[in-house]
Amino acid sequence: MSHDARFSLIELDTDQHLESLATEVREGLTATPKQIPCHFFYDETGSQIFEEICELPEYYLTRAESEILRDRAEEIARRYAQPIALVELGSGSAIKTRLLIDALLQEHGSLSYVPIDISPSVLEASAQQLLDDYKHLEIRAIAAEYQDGLHRIHDDDRHAKLILWLGSSIGNLDRPVAEQFISSLRAEMDPQDRLLLGIDLRKNREVLEDAYDDSRGVTARFNKNLLERINRELGADFDSGAFDFQATYDEVEGNVVSELRSRRDQTVRIDDLDLEVKFAASETIHTENSFKYSLAEIDALAHCTGFAVEDRWLDANQRYSVNLFAPTDR
Ligand code: AVI
């Protein structure tokens, strides 16, 4: 069958949810302490640098998750007697998604893959590649916020759904926000549906700080790209060389805090906002939280959001977890 017959893209109206870079940069850089939300990392340059991060020796998360999925994909696929809908939050050009697609196609002969992502162009690009590679795959992409997209499938899908939320993306949400988000996913799920969640685990400081501040400076470049993006898109005059990058593990909170630190007193002008931002020497801009979970914290998260952990797998080094959440009656 042609690509056209196997591909559809629904675009839901998402404008109302998207705050612009301009609004959030103005808010974040006039706040105390200063901050820039981490979702702005991912312009074209930032997305490329993130791919480099995933290959770094220190950034074990991607490899650990792939190892688990490689070992368990068949076992996961065998849980289902019938073809399912594989729903992914984020768009899956990645090896990890392919491991599951391979196993599900092998088991059932056909598969409906439903990536949900805010960017229609990212969805189209990754879909074309997948359709080339898998002749029995159907892709029903949805360009939307995750919850709106899930709501859309809830209404018209009779397949059991396996929802993937991989990469420990949950770690970039504050814990109460993560709880709310997982509860909102639960609200869109039927009893036979499952949520497969990749979550990085709490562990010793050195491993974590190396993972988030690598020796080649790739993660530093990823963070400084935020400043360069503001230069490009909002006419600012940040000198990214006048900032240092640091990643610090807060053991009590289980949170790797990423920040840029001003090397000196300086003033930055942002033309498009008609704004001057003053930095004192050593003043920081908070760029990202990466929360880590203990197994007990994952159990508690499942419990308070209407799930039970039906299965859980760790990598050989026990650094990372993939968790299969099953809805419980409430
Ligand atoms: C996308 N997210 C889960 C990554 C993380 O581990 O927090 C982003 C990242 N930041 C620095 N390195 C990777």
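Hydrogens, waters and symmetry mates are skipped; everything else that's a heavy atom, side chains included, is used. Every number for a ligand or one of its atoms is a count from 1 in the order of the listing.
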Task: Given Tyr320, Tyr60, Tyr293, the one that forms side-chain hydrogen bond (donor to acceptor under 3.5 Å, both in side chains) with Asp200 - done: Tyr60
Open item on the list: So that I can tick it off, tell me whether Asp43 and Arg232 are bridged by a salt bridge, with the cut-off set at under 4.0 angstrom between side-chain N and carboxylate O.
Closed with: yes
TODO: Hey, can you tell me if Tyr212 and Tyr59 have their rings parallel, tilted or perpendicular (30° and 60° cut-offs)?
DONE: perpendicular
TODO: Identify the two heavy atoms, one from Leu208 and one from Lys292, that lie closest to each other, and give their separation to 0.1 Å.
DONE: CD2-CE, 3.7 Å
TODO: Kindly give the heavy-atom pair with the smallest separation between Leu260 and Asn223, and that separation in Å.
DONE: CD1-O, 3.7 Å
Open item on the list: Check Glu297 with Arg202, please: is the shortest side-chain N to carboxylate O separation under 4.0 Å?
Closed with: yes
- [ ] Write down, by chain and number, every protein residue that brings a non-hydrogen atom to less than 4.0 Å from an atom of ligand 1.
- [x] Tyr42, Phe50, Ile53, Tyr59, Gly167, Ser168, Ser169, Asn172, Tyr212, Thr219, Phe222, Glu288, Ser290
